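The sequence lines fix the lettering, A, B, ..., with proteins before strands; numbering per chain opens at 1. Keep in mind that this is a model prediction, so the values were computed, not measured.
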Amino acid sequence: MDLENEEKKPREISEIVAIVEALIFVADEPITVKNLAEVLGEDREFVQSAVEHLRDEYDERDGGLQIRALAGGWQISTKTQYHEEVRAFLKTRPNAKLSLAALETLSVIAYKQPVTVPEILEIRGVQSASAIKTLLDKRLIVAKGRKETVGRPMMYGTSKDFLLQFGLKDLSELPSIEDFEDLLGQ
Amino acid sequence: MDLENEEKKPREISEIVAIVEALIFVADEPITVKNLAEVLGEDREFVQSAVEHLRDEYDERDGGLQIRALAGGWQISTKTQYHEEVRAFLKTRPNAKLSLAALETLSVIAYKQPVTVPEILEIRGVQSASAIKTLLDKRLIVAKGRKETVGRPMMYGTSKDFLLQFGLKDLSELPSIEDFEDLLGQ
Amino acid sequence: MEQQSEQLTFDFYTETPHISAESPDEIKLELGAFAGPLDLLLYLIKQEKANIFDIPIAKITDEYLKYIRLMKSLDISLAGDFIVMSATLIEIKSKMLLPREIFADAAGEIEDPRRELVDRLLEYEKFKAAAQMLYERSTVEQAVFPRGKIESDETNAETNATVFDILTVFQKILARHKEEVQMEIEREEVSLADMLKLMKQRIFTAKELNLLDFFAEIRTRRELVTAFIAILEIVRTESVKLTQDVTFGAITLKKV
């Protein structure tokens, strides 16, 4: 609307507002007007007014999101008045990703069970105590009695939850090295 | 507006719409109506209509974002028409494309799942080991247990990432394989 | 065997493979890669504008074999499945030369030797078309972007490991284990005194030593243990201290 000079093919302010919204949305960090102006190849003042236009629109909309100035840039976030619901939702999400250490330890236990901590150390080459604790906490593994050797170390194996979480009917459904030999070979 | 029974303190539909927007925004994957209904402690139908209301609002708004059904849930994303600007900002290029062999293998798996390696070979007429490995690496397919035939071969099916990457609500959204008939017939 | 003089044009990176012959002894080849023998056959049939239900098998077989020969002469490795298909084609071709009555079954119905191949081609063609549809879908999908990271993502990401991950990880461990064992045999032992000397040198020249970097240089478990004892010893006896700025951050040995 502001642009009437037909030099290149000037974008309408409404289009700039839309693109600014898309960019603020995809950015990991608050995005500065300077940065927006560079990407858009537009005037800083023009972009600044587009951002403000967008913020006003969000304020008037009465939705669940807001656009706010933060750390020198602009960011979309949920409105503070819905923090309880947002928090409640975030809590329901599945547990955090398994670390590589935990995944490695789990794979050794899955394929070598029942297996003791020293045996896992021997295979992985590193201590696995905290990984084992994590796996026990997540109920992916269970203690399977003691091994009758020196020190009678505890043996571990996978649990029923393990089968559930990985969609296996039973342990025989675990892929074997042979299943993937051709695939992993090359 | 729909709720007039004052039992607890019923929320207005506009408030539900706002909270739904906040939750879809914070969820890092498409969020299901079921999940939303649980967090909100509201009827599924009520929440479903709130989501649809929100989607319509986004469509009418003419902004940079859209709300759409994807992989069984709902997600906010940028609109396709702004992909160039978004890409320029994120400095990303389109993802490496799947090879013809990988795409063919994926289409056989998508339509015939759960399906084994020999069955894929039968249809494609060529070994598909490295294509299957690629698809597993990209998490587009997953192992789906073993088939109870000779050799108990591993079966494969498509994953949630498959739905996400191909913009599908669910598998039923795939056109029927018979629709592809008669291309060669005449 | 007759030597053909074939003039060739190559373009390995075109999206669709393409062969065209302008005269019988000239072949132009644009070679992406055929996805398999059925893909190649379909291509040849289309090229000939032939009817799929009445494939001119002699002609198509010749074309197919020409392609195979060409690939071989160029030292391009062909999947065994392409060779298997050559045999199938030759077999069908020879059956076609026999009087039709031979293939009549008990009811007197004549079975076309090409029948099974046609069925396979038709079945394959459907999935090839489906692959094209998937390709188009993913192209559209790549024009859509999800929101950027927000703080809550890191604190609570989904567990998304699969059984395939478990197996892959397990194989990597086994491979690593094998490598380590070999290295331990090859390498010479480093004594505690040597290790102490090395560390002191590093600290006193650079004023500080990032332990993670230092450990990364160490190859064997035995050396790692020696290094660890050396650190304890150095902290006890020399005026250095261990610092860590953030939990789980890098640990640095600093001269006091």
* Within the distance-only criterion (no hydrogens, no angle test), does the side chain of B:Thr78 pair as donor or acceptor with the backbone N or O of C:Phe145 below 3.5 angstrom? -> yes
* **chain B contacts, top residue of C:Met85, C:Arg120, C:Glu123 (heavy-atom pairs, under 4.5 Å)** => C:Arg120
* To do: Name the member of C:Leu38, C:Leu134, C:Thr139 that forms the most heavy-atom pairs with chain B at distances under 4.5 Å.
  => C:Leu134
Given a strict heavy-atom distance threshold of 4.5 Å, which part of [X] is in contact with chain C: side chain, backbone, both, or neither?
X        : answer
B:Val142 : side chain
B:Lys79  : backbone
B:Gln66  : side chain
B:Glu104 : both
B:Asp161 : neither
B:Leu98  : neither

* For C:Glu116, does the CD atom sit with more than 12 other heavy atoms under 6.0 Å from it, leaving out its own atoms? ->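 Open: at most 12 neighbouring heavy atoms sit under 6.0 Å from CD of C:Glu116.
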* Asked: Does a sphere of radius 6.0 Å around CD in B:Glu148 hold more than 12 heavy atoms from other residues, nucleotides or ligands, not counting ones at 6.0 Å or beyond?
  -> yes
Roughly how far, to the nearest 0.5 Å, is the [atom2] atom of [Y] from the [atom1] atom of [X]?
X        : Y        : atom1 : atom2 : result
C:Lys126 : B:Ser107 : NZ    : OG    : 11.5 Å
B:Leu100 : C:Asp39  : CG    : CG    : 5.5 Å
B:Leu174 : C:Arg137 : CG    : CZ    : 7.0 Å
C:Tyr124 : B:Glu122 : OH    : CD    : 14.0 Å
B:Leu103 : C:Phe127 : CG    : CZ    : 14.0 Å
B:Leu106 : C:Tyr135 : CG    : OH    : 14.5 Å

* Nearest atoms (heavy-atom pairs only) where B:Val126 meets C:Pro37 -> CB-CD, 3.9 Å
* Using non-hydrogen atoms and a 4.5 Å limit, figure out which bit of C:Met133 sits close to chain B: side chain, backbone, both or neither. =>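 Just the side chain, heavy atoms under 4.5 Å.
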* **Contact check, side chains of B:Gln127 and C:Asp81, non-hydrogen atoms, under 4.5 Å** =>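 In short, these two side chains touch, coming nearer than 4.5 Å.
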* Asked: Do the numbers put C:Arg147 on top of the ring of B:Phe25, so that NZ or CZ is under 6.0 Å from the six-membered ring centre and no more than 45° off the axis?
  ->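 The answer is yes, since C:Arg147 meets both limits relative to B:Phe25.
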* To do: Would you mind telling me which of B:Leu70, B:Leu121, B:Ile123 has the largest number of heavy-atom pairs within less than 4.5 Å of chain C?
  =>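 Going by pairs under 4.5 Å, I would pick B:Ile123.
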* To do: Just do the salt bridge (charged side-chain N to carboxylate O under 4.0 Å, His left out) check on B:Arg68 and C:Glu141 with the steps written out, would you?
  => CA-CA 12 Å; B:Arg68 51 187 198 136; C:Glu141 203 48 34; 2.4 Å; yes
